[in-house]
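First the structure, in the form of structure tokens, and then the observations on it.
Positions are given from 1 along the sequence.
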Amino acid sequence: MTSVTSRRLRPRALLACGAGLAATAALTLTGAAGAQTGPATGPAAGPVTAAGSTTVTPAGHSFAATLNGKATFKAGSVTATCTASSSQPSTGSDNNRIPDAPGNQNPSGPVSSSINPPTYSGCTASIAGVTTTVTTSGTWGVAMQHGSPISATLTIPAGGFVLESKGLANCTITAAPTAPADILTTYTNGAPSKLTVTNANVPVKVTGGFGCPTSATSSVFNAVYDITDTTDPGSQITVSD
């Protein structure tokens with residue numbers, strides 16, 4: 001199912017899953033704050049530290065993620081910028097919803113939820129004479145882990161983000177082309193709380209003709225999202241230990 005909006009959160013083990021963002025013709029989504037794809041593994045990664053406890057409140061509440069500023073996605077020398085993006089809860093779905101208690105607590109790891117695929121609009125490319133569109137699909141996810149800073153792993157399903165350009169360069173960029181991909185972001189409690197993606201590397205596959213960065217295998221994603229409580233707008237979505 002294809003979407004330009006989003007749905008609600010549901011418990012899921014996403015911290016080590018994969019999440020992918022697809023984009024077309026070397027395009028970029030930019031925002032703020034630092035994020036990298038999943039944590040390093042193997043000998044070079046050093047000793048593994050056990051994850052601490054996490055609690056996400058209010059339990060059972062639905063939430064929305066709304067772009068604050070601009071989102072950019074860059075592949076090769078081309079950058080795509082979108083001015084609107086959101087993931088909203090939907091009727092009859094547990095996506096975009098904090099788990100009911102006690103599922104909103106984990107004594108030794110993250111609290112996970114499924115989300116509706118975010119929609120993107122108002123997208124432009126850094127190349128004159130090109131129009132861009134973004135299509136998202138599948139079930140996305142987020143896993144919140146309390147710490148300093150608080151981390152949030154955003155999971156994009158295989159092929160769940162596709163960016164297409166039309167005009168002087170007809171390209172298609174697909175994120176997480178063969179498997180889901182994880183994007184490590186930071187989460188800041190506040191009014192509203194924020195999820196920040198900074199220079200996150202996302203695997204992509206680029207197809208197309210002249211002007212398309214077909215040799216690119218990764219892209220850089222940046223964005224900042226306001227996270228708001230849609231069940232009770234007077235409450236805030238908070239991550240604690």
Side-chain angles (χ1 to χ4, degrees), residues 2-6 18-37 65-88 115-138 140 142 154-185 194-226:
T2 302
S3 168
V4 181
T5 12
S6 52
L21 287 177
T24 72
L27 299 157
T28 305
L29 293 167
T30 81
Q36 294 290 68
T37 51
T66 305
L67 182 66
N68 183 330
K70 298 178 181 179
T72 62
F73 192 86
K74 181 177 182 180
S77 61
V78 179
T79 297
T81 301
C82 297
T83 58
S85 176
S86 70
S87 175
Q88 304 286 333
I115 63 175
N116 288 320
T119 58
Y120 291 91
S121 61
C123 301
T124 58
S126 58
I127 301 175
V130 169
T131 60
T132 63
T133 58
V134 173
T135 301
T136 57
S137 61
W140 294 37
V142 64
L154 179 66
T155 299
I156 302 168
F161 181 105
V162 178
L163 193 158
E164 295 183 281
S165 67
K166 302 290 185 182
L168 296 180
N170 297 312
C171 317
T172 298
I173 297 178
T174 302
T178 60
D182 281 346
I183 297 176
L184 182 61
T185 76
K194 296 185 185 298
L195 185 150
T196 302
V197 185
T198 302
N199 297 329
N201 291 313
V202 181
V204 299
K205 179 177 181 179
V206 182
T207 59
F210 177 77
C212 299
T214 53
S215 62
T217 58
S218 66
S219 61
V220 179
F221 175 59
N222 288 275
V224 177
Y225 285 88
D226 291 337

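- Remark: side-chain polar atoms of T132 are paired, donor with acceptor, to backbone N or O of C123 under 3.5 angstrom.
- Nearest approach of N199 to N222, heavy atoms of both residues: N-OD1, 2.6 Å.
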| query | What's the verdict on side-chain contact (heavy atoms from CB on, under 4.5 Å) for T174 and T207, showing C-alpha distance, side-chain angles and the deciding distance? | reply | CA-CA 9 Å; T174 302; T207 59; over 6 Å; no
| request: Before giving the answer on side-chain contact (heavy atoms from CB on, under 4.5 Å), spell out for K194 and D226 the whole-Å C-alpha distance, their side-chain angles and the decisive distance to 0.1 Å. | output: CA-CA 5 Å; K194 296 185 185 298; D226 291 337; 2.5 Å; yes
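- Between the OG1 atom in T178 and the NZ atom in K205 there is a gap of 9.5 Å [rounded to 0.5 Å].
- Here the rule is side chain to side chain contact (heavy atoms under 4.5 Å, CB included) with Y120, and of T136, T83, T135, L67 only T136 fits it.
- Of all heavy-atom pairs between A125 and V130, the closest is CB-CG1, 4.1 Å.
- Across A71 and A223, no two heavy atoms sit closer than the pair CB-CB, 3.9 Å.
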| Yes or no on side-chain contact (heavy atoms from CB on, under 4.5 Å) for T155 and V142, after CA distance, side-chain angles and deciding distance? | CA-CA 6 Å; T155 299; V142 64; over 6 Å; no
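- Contact detail for Y225 and S85: the closest heavy-atom pair is OH-OG, 2.8 Å.
- Annotation for P157 and W140: closest pair CD-CD1, 3.3 Å, computed over non-hydrogen atoms.
- What you find for G159 and S137 is that their closest heavy atoms are O-OG, 3.9 Å.
- For the atom pair CG (L195) and OG1 (T66), the distance works out to 12.0 Å, reported to the nearest 0.5 Å.
- Using modelled atom types, one side-chain atom of S126 and one backbone atom of T79 make a donor-acceptor pair closer than 3.5 Å.
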